[in-house]
S.K.: 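One structure is given below, represented as structure tokens, and several questions about it will come after.
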Amino acid sequence: MALPPHIFTCALFPRLQAQRKWLNGSKAMTKSLIRSKELSRPGPGHVPASVARELLRIIDQHDGDSRRFLRMAGLRQLLHLLDEDGPEVIARHDFTLFYARATATLDAHAARQEGRDPLTKTGVDMMCHAIITCRTLRDVISRLARFSELLAPRTGALTLAIFGDEARLTMATLRNVRNGCSYLSDLTGLASYHRLLGWLIGEDIPLSGVALRYPPLLSRQTVAYLLPHTVQHHAPENAVRFPALYLDRPVVRNHHELDGMLARFPFDIEEPQSKAMPLSERISHLFSSMLASGEALPTAGMLARQFSISLATLKRRLEAEGTSLSHLKATARHHIARRLLADPRLSITEIARRTRFSDATAFRRAFRQWTGQSPSRWRETAAN
């Protein structure tokens, strides 16, 4: 499943809504490594022009005239890439638009090669909005796997396996034709899953390995730029490997953030996926989402395990940020209580239950401490 091309392309380029596809692969057995750390990247805001030129060569091979493609895609400013003495770098913004259009075009061709329909934008949106409600990364992958079954053969089948302290996410595809456009689709798909999972938990997930069921059909520099990790070619299956401890990381994103992410993900390669926010803010978001869904709040020990830190470190970091677990819990309860009180159909007893208080009396006492008013009085005032 080459998830992202359609999300980004359809958001910015409505004319290409029909051009979709997802990921797929093949087989073999020999090992060829690409060590991206040996390659240097251009300065911030620029992308190697050689990466774009290679994608244009694939378009020439499989979908016609690259010059016509650039004109039709509204990318006339990149026609100089076709000149022999063209630039060595291009602007990051131009590459982001180019990558989205090129991938959509090659995805459509890859779908035609296999004689199957591509995945629609509606299917993509449904999947992304479903996983945003998951509690942990493990839950996300489980739900993604179920979606891949429902949407097969338009998506590859996802399987999670744990080997000691390492997790392997396999993307089994039904690709019969292996060429440059299908290779790019699968490479983009693996990179997209990795970036999506990291975005959901607000952390960059370190990969211990990436495998593709292809010979190296793209140049070393292009592969290293699109997926800057070690790649094993001629592998039994498409897969990524990462530390298993990340599976228990909580999802810290929300629907509002998802809407913004879908407009550009994942074609802005250099956009950071991690969420640079204090630990207290991440825990506060987690508490709010759990209360909203009626779940019991985690203990300090559970939180420490989820964030892979000791209980002492958890308390020390919160103290350094000027807060505590009890304060974060009270704040989350306060915010959700005010939201629930806005609904006149809910009784005070029901709101006390949803905010995880022992009874209505305890809730009334806490609410008066927060606001100086009883819940009923606050509701009356807010309604006027």
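In this text the structure is predicted, and so the values were computed from the model without any measurement. Just the heavy atoms: all of them, side chains too, but no hydrogens, waters or symmetry mates, feed the values below. Along the sequence shown, residues carry numbers from 1.
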S.K.: Minimum heavy-atom separation for Ser148 and Ala157, please, with both atom names.
M.R.: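 So the minimum-distance heavy-atom pair works out to OG-CA, 3.9 Å.
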S.K.: Judged by modelled atom types alone, do Ser50 and Arg53 share a side-chain donor-acceptor pair under 3.5 Å?
M.R.: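 Note: Ser50 and Arg53 side chains miss the donor-acceptor criterion.
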S.K.: Can any side-chain N or O of Arg253 pair as donor or acceptor with the backbone N or O of Ile201 at less than 3.5 Å?
M.R.: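 No: the side chain of Arg253 does not pair with the backbone of Ile201.
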S.K.: Any sub-3.5 Å donor-acceptor pair from Arg101's side-chain atoms to Leu70's backbone N or O?
M.R.: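 Absent.
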S.K.: Can you pull the salt bridge (charged side-chain N to carboxylate O under 4.0 Å, His left out) pairs that have at least one residue in residues 162-171, sequence neighbours excluded?
M.R.: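 Listed once each, the pairs are Glu166-Arg241.
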S.K.: Judged by modelled atom types alone, do Arg146 and Ser142 share a side-chain donor-acceptor pair under 3.5 Å?
M.R.: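 Result is yes, a qualifying pair exists.
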S.K.: Quick one: pull up CG in Asp204 and CZ in Arg195 and give me the separation to the nearest 0.5 Å.
M.R.: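 Asp204 CG to Arg195 CZ: 9.0 Å, rounded to 0.5 Å.
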S.K.: Can any side-chain N or O of Arg356 pair as donor or acceptor with the backbone N or O of Leu297 at less than 3.5 Å?
M.R.: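 Not confirmed, Arg356 side chain does not pair with Leu297 backbone.
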S.K.: Return yes if some donor-acceptor pair links the side-chain N/O of Glu88 with the main-chain N/O of Ala49 below 3.5 Å, else return no.
M.R.: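 Absent.
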S.K.: Is there side-chain contact between Ile348 and Phe367, with at least one heavy-atom pair below 4.5 Å?
M.R.: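 No, too far: nothing below the 4.5 Å cut-off.
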S.K.: Does a side chain donor of either Asp60 or Ser66 reach within less than 3.5 Å of an acceptor in the other side chain?
M.R.: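 Yes.
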S.K.: Would you say Ile141 ends up clustered with Leu150 if hydrophobic residues are merged whenever their side chains have heavy atoms under 4.5 Å apart, either directly or through other cluster members?
M.R.: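 Cluster IDs for Leu150 and Ile141 differ.
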S.K.: Just wondering, are more than 12 heavy atoms of other shown residues or ligands nearer than 6.0 Å to CD in Glu319?
M.R.: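 Check fails, neighbour count at 12 or below.
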S.K.: Taking side chain as C-beta onward, heavy atoms only, is His194 less than 4.5 Å from His229?
M.R.: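 In contact.
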S.K.: Whether Arg67 and Asp65 form a salt bridge (side-chain N of Lys/Arg under 4.0 Å from carboxylate O of Asp/Glu) is what I want to check.
M.R.: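 Salt bridge between Asp65 and Arg67, a charged N being under 4.0 Å from a carboxylate O: no.
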S.K.: Tell me, do His234 and Tyr214 make a side-chain contact under 4.5 Å, heavy atoms counted?
M.R.: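 The answer is no, as the side chains (C-beta and beyond) never meet within the 4.5 Å cut-off.
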S.K.: Provide the full list of salt bridge (charged side-chain N to carboxylate O under 4.0 Å, His left out) pairs with a residue in residues 360-369, sequence neighbours left out, each pair given once.
M.R.: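 Found none.
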S.K.: Report yes or no: does Thr188 contribute a side-chain atom to a donor-acceptor pair with the main-chain N or O of Leu184 at less than 3.5 Å?
M.R.: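 Side chain of Thr188 to backbone of Leu184, a donor-acceptor pair under 3.5 Å: yes, one is there.
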S.K.: Can you confirm whether Arg135 sits close enough to Val251 that some side-chain heavy atom of one is under 4.5 Å from a side-chain heavy atom of the other?
M.R.: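 A side-chain contact is absent here, since even the closest heavy-atom pair is not under 4.5 Å.
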S.K.: What residues, two or more places apart in sequence or in another chain, satisfy side-chain hydrogen bond (donor to acceptor under 3.5 Å, both in side chains) together with Asn179?
M.R.: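 Expected list: Gln113, Ser182.
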S.K.: Between the side chains of Ser347 and Thr349, does any donor sit under 3.5 Å from an acceptor?
M.R.: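 There is no such pair between these side chains.
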S.K.: Okay, side chain of Asp359, backbone of Thr361: is any donor-acceptor separation there less than 3.5 Å?
M.R.: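 Between the backbone of Thr361 and the side chain of Asp359 there is a qualifying donor-acceptor contact (under 3.5 Å).
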S.K.: Is the ring pair Tyr99/Phe95 parallel, tilted or perpendicular, if the boundaries are 30 and 60 degrees?
M.R.: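 Because their plane-to-plane angle is under 30°, the rings of Tyr99 and Phe95 count as parallel.
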S.K.: Thinking salt bridges, do Asp248 and Arg138 make one under a 4.0 Å N-O criterion?
M.R.: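 A salt bridge links Asp248 with Arg138.
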S.K.: To check you understand the geometry: which heavy-atom pair defines the closest contact between Glu54 and Leu218, and what is its length?
M.R.: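 Shortest heavy-atom separation between Glu54 and Leu218 comes out as OE2-CA, 3.3 Å.
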S.K.: Kindly give the heavy-atom pair with the smallest separation between Ala304 and Leu314, and that separation in Å.
M.R.: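 Distance-wise, the nearest heavy atoms are N-CD2, 4.2 Å.
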S.K.: Counting distance only, does the side-chain N/O of Glu257 pair as donor-acceptor with the main-chain N or O of Asn254 below 3.5 Å?
M.R.: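 Indeed, once roles are kept as given, a pair shorter than 3.5 Å links the two residues.
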S.K.: Taking all heavy atoms of Pro375 and all of Phe363, pick out the closest pair and write down the distance.
M.R.: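 Nearest pair, atom of Pro375 first, then Phe363: CG-CE2, 3.6 Å.
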S.K.: Report yes if some heavy atom in the side chain of Thr159 is under 4.5 Å from a heavy atom in the side chain of Leu169; otherwise report no.
M.R.: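 Not touching, per the 4.5 Å side-chain cut-off.
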S.K.: Do Pro48 and Val89 have side chains that get closer than 4.5 Å, going by heavy atoms?
M.R.: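 They are not in contact (no side-chain heavy atoms under 4.5 Å apart), so the answer is no.
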S.K.: Within the distance-only criterion (no hydrogens, no angle test), does the side chain of Arg379 pair as donor or acceptor with the backbone N or O of Leu341 below 3.5 angstrom?
M.R.: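 A pair under 3.5 Å: yes.
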S.K.: In Å, rounded to the nearest 0.5 Å, how long is the span from NE2 of His109 to CD of Glu114?
M.R.: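 His109 NE2 to Glu114 CD: 10.0 Å, rounded to 0.5 Å.
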S.K.: Are Tyr183 and His233 near enough that their ring centres are under 6.0 Å apart?
M.R.: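 Close enough - the centres of the two rings lie under 6.0 Å apart.
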S.K.: Using a 3.5 Å distance criterion without hydrogens, assess whether the side chain of Thr222 forms a donor-acceptor pair with backbone atoms of Ser219.
M.R.: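 It does not hold such a pair.
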S.K.: Are any side-chain N or O atoms of Arg333 and backbone N or O atoms of Thr355, one a donor and one an acceptor, separated by less than 3.5 Å?
M.R.: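 Between the backbone of Thr355 and the side chain of Arg333 there is a qualifying donor-acceptor contact (under 3.5 Å).
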S.K.: Taking the six-membered ring for Trp, are His255 and His129 parallel (under 30°), tilted (30 to 60°) or perpendicular (over 60°)?
M.R.: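 Judged by the thresholds at 30° and 60°, the geometry between His255 and His129 is parallel.
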S.K.: Between Thr170 and Glu237, do the side chains contain a donor N or O and an acceptor N or O under 3.5 Å apart?
M.R.: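 On atom types as modelled, these side chains do not qualify, holding no pair under 3.5 Å.
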S.K.: For residues Val51 and Gln221, report the shortest heavy-atom separation together with the two atoms involved.
M.R.: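 Minimum heavy-atom contact is CG2-O, 4.4 Å.
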